[in-house]
Amino acid sequence: MKLLEKVFDTFRPHFEKGGKLAILAPAFETAEFVALAPILRAPSAPFVRDPVDLKRYMAMAIAALLPAFGASVYFFGFHVLLMVIVSYVVGGIVEVAFAVIRREEINEGFLVTGLIFPLTLPPTSPLWLVASGAFFGVFFGKEVFGGTGRNIFNPALVGRLFVTIAFPGIMTTAWLMPFADAVTSATPLSVFKTGGGIASLSAQLLGQGAGSMGETFRIGIIAGGLFLIWTKVANWRVPLAYIASAALFAWLGHATMPDKVAPALFQLLAGGLLFGAFFMATDPVTSPVTRQGKYIFGIGCGLLTVLIRTFSGYVEGVMFSIVIMNALTPLIDHIVLTLKYKPVAQ
Amino acid sequence: MTKSGKYTIHSSGEPSSTVQDPPPCGSLSIPLFSQTLSFSQVLVKKGDTVSAGQTLAVDPAKAELPLVAPASGSVEEATRTRHLIVRVNGQDAPPAVATGGDSPERIARSGVWPYFRRTDTGEVPRGDAKPDVLIVTTSRLEPFHPRAEAVFANGTDVFGAGLGRLTRIFPSARILVAVPDVKDGTSAGVRDLVKSVKGVEAAAHANRYPDDLPLLVCRRAGIAAAAGVWSVSAEGVIAIEVTLASGRPSAARLVCVAGPGVSKPGHFRVPVGYPVQMLLDACGVVPGEVRVVAGGMLSGRAVPKDQLGVDVECSSLTVIPEQSERMFLSFSRTGFSEHCFCRAFAGVVRPRFAEKYTTALRGERRPCVNCGFCEDVCPVGIMPALLHRYIRKDALEMAQRTGTEQCVECGLCALVCVSKVELLDIMRDGKRRIRKELRAEGVEA
């Protein structure tokens, strides 16, 4: 530890004012504080603090994603790792660039975005597509709004939307069955939409179907999501509202239009709904602050997901529904707050 | 899913309940200040002989609130160090405490007025003010205020007499005695006693911080914090009773010295002016830098380095080691001996253990990420994550509308904050500015 401190002490002058690499000070500081926690003391009451910090908070989120990530490497091979590495590198470069320009510290938020974004892509996505999506997502989805804590949209979803709209050809044909090599396959949702019936329950839970990399191993997603809720990193209101309302609307739709709307259980287990409900809709920065607002957000996501899946040209509605509800989040919070808190008489 | 307010810390350094006499000391360093008082008008000079109970200085901003000599002696130093250094001469001559019936003036002139606090500002009220409501706290649950077992070590009779005297001194005040809701032990005895005193009501609260806070007692009783709503501790009631019944000043304060930074934490009965360093030495401060805090680990204030003696508002000194370790890859540690509100550390599997806290921030400052922990832990159900943004942006009306004035300053929000935002400071600042700018309360009433 002392040796490590000495190493950092030796290099630090280069990154301080007047040093040759002073402009990269945020990057050095980040590296140093990841390795060795800084001496930072509570300046005033409370004089002791809880041990969780943003690094640990994000570490919990990454830990919860590991089952889904591990399964996708297992199902789809080494290319998955490359995609994740590219996503981290490109996202990291954007993050560092902005930290340098703003002269602020590098925030840990991109560590989760960098893992979630590739997991929403089909497994054979080319690396240049991953890179452009990661760049677009971090740059336009987060940094232009002011960085961590200030963004309106989920950056991973912004990147996903960009590649969907910019490269529609690749995005519809890059789907693969697990363990297959090159034969592209239709996803269960698209099979249903073209009249081909529904997939089996166990196939959907264990990932024996085509889909984006992270969504297939649904047992792992549910386990990771529940872990996240138990540790309080994700709130329980949004996933509950999302899943329950999607099930309700799917059930209503299937009862009235059985050919157009898939049954509820299939819908819940198909596509990225579970992944979105647990890992993306729960992003605390882009979902409402108020409790009632969280319920409204979840219900809105559920409704929109079913609507888009049924009535639009797209097969999957999760990413659009979450991003649309992200846009409505400030309004939802404003309405809830205005209704809940009346002006105070002086 | 947790109910609000249901998180508190378990710190090492818990003291026993025996009240000790401190090592003898020949000279007192009486601070001419305390947390909310400033005895700027000094009435004695170097070389004067003073007797116990004599007025040494007054705070002119609080209707001439006096600083009273805790013992007889001669003044060695009066001007240089913001302290009055008095060499004690051991004379136990009957003091000059004003005689007379039960009256608020007699409390003030005896030097025990600073036990009272206003609930709206946390300050000692003016010496000529009277309370409409008086909350008597009997068991402060924040580490490390004096324990109820120590306060009531000699039984509850004096306390009962004191309560009765307060009903006579402030006949128009409603007196609520806050008692934790426990089945056995000291507090159960206190609860029984309160039933027998006429003119006071018992107000039960859960045996868990911050439910003991006077502001929460008020809230549960439907009373709004205001200039006329005061609180006083049980040892304050006892001190007032002892002083007025005997005619002698209550020279000694019960002070609890505890925390992870001392190896022999304990309770002491010390006179105002007793040297802080001697108290710390008696408790065995751990090696290395420490922070000494008056008034509780979560909501108190650091004792200034230049404060030499115990002041008139001090009843606890919590010693916390300063952070000195730089952990390697700290975010990946298992954390078996660490409590955490959000269950991100392995300590969550252990039933109950005392943690060796330090002053470490345990993370770097980041913008608020709306994790919601502050809202989960808040005992009054407001949203510090939202409110601190309004306060920082000077949107004071929105801050007021969304409940800033309900804040009881328990410190739990800042305790659990993932981004290490100084929420307690910001909430205190917001409350103060709302009071000044929106309610236009300029000068203290």
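Within every chain, numbering begins at 1; the chains are lettered A, B, ... in the order of the sequence lines, protein sequences first and strands thereafter. Note that this is a predicted model, so its numbers are computed, not measured. The analysis underlying the following values was restricted to heavy atoms, covering all of them including side chains, and did not include hydrogens, waters or symmetry mates.
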- Item | For A:E95, all residues meeting side chain to side chain donor-acceptor pair (under 3.5 Å), sequence neighbours excluded | A:K142
Only pairs of heavy atoms separated by less than 4.5 Å count here; which of [options] has the most with chain B?
options: A:V285, A:V48, A:V34; result: A:V48
options: A:G149, A:A59, A:A35; result: A:A35
options: A:S44, A:A234, A:P284; result: A:P284

- Do side-chain atoms of A:D50 reach the backbone of B:L415 as a donor and acceptor pair under 3.5 angstrom? no
- Main-chain N/O of A:P51 paired to B:H339 side chain as donor or acceptor, under 3.5 Å: no
Please look at [X] and chain A and tell me whether the side chain, the backbone, both or neither of the residue comes under 4.5 angstrom of a heavy atom of that chain.
X: B:L329; value: both
X: B:T358; value: backbone
X: B:C417; value: backbone
X: B:L386; value: side chain
X: B:R365; value: both
X: B:E364; value: both
X: B:A385; value: neither

For chain A, find which of [options] contributes the most heavy-atom pairs closer than 4.5 angstrom.
options: B:V416, B:L423, B:T318; value: B:V416
options: B:R401, B:M297, B:M327; value: B:R401
options: B:G300, B:G411, B:C368, B:S299; value: B:G300
options: B:R301, B:E409, B:E422; value: B:E422
options: B:G363, B:C342, B:S419; value: B:C342
options: B:C340, B:A302, B:A360; value: B:C340

Contacting region of [X] [heavy-atom separation from chain B under 4.5 Å]:
X: A:L228; result: neither
X: A:T286; result: neither
X: A:E104; result: neither

- Chi angles and distances behind the ring-ring contact (aromatic ring centres under 6.0 Å, His included) call for A:F153, A:F140: CA-CA 9 Å; A:F153 301 104; A:F140 286 103; over 10 Å; no
- Interatomic distance, A:I101 atom CD1 to A:R103 atom CZ [nearest 0.5 angstrom]: 10.5 Å
- Task: Under the side chain to side chain contact (heavy atoms under 4.5 Å, CB included) rule, collect the residues that match up with A:E105, sequence neighbours excluded.
- Result: A:E29, B:R366
- Task: Would you check if B:Y390 and B:T404 make a side-chain contact, meaning some heavy-atom pair closer than 4.5 Å?
- Result: no
- Item | Salt-bridge criterion met for A:R41 and B:E289 (N-O under 4.0 Å) | yes
- Task: May I ask you to decide whether A:D9 forms a salt bridge with A:R12, counting only side-chain N to carboxylate O separations under 4.0 Å?
- Result: yes
- Item | Centroid-centroid under 6.0 Å between A:Y242 and A:F297 rings | no
- Message: Does the plane of the ring in A:Y57 sit parallel, tilted or perpendicular to the ring in B:F373? Use 30° and 60° as the thresholds.
- Response: perpendicular
- Query: Are A:R56 and B:F345 in a cation-pi setup, meaning NZ or CZ lies under 6.0 angstrom from the ring centre and within 45 degrees of the ring axis?
  - Reply: yes
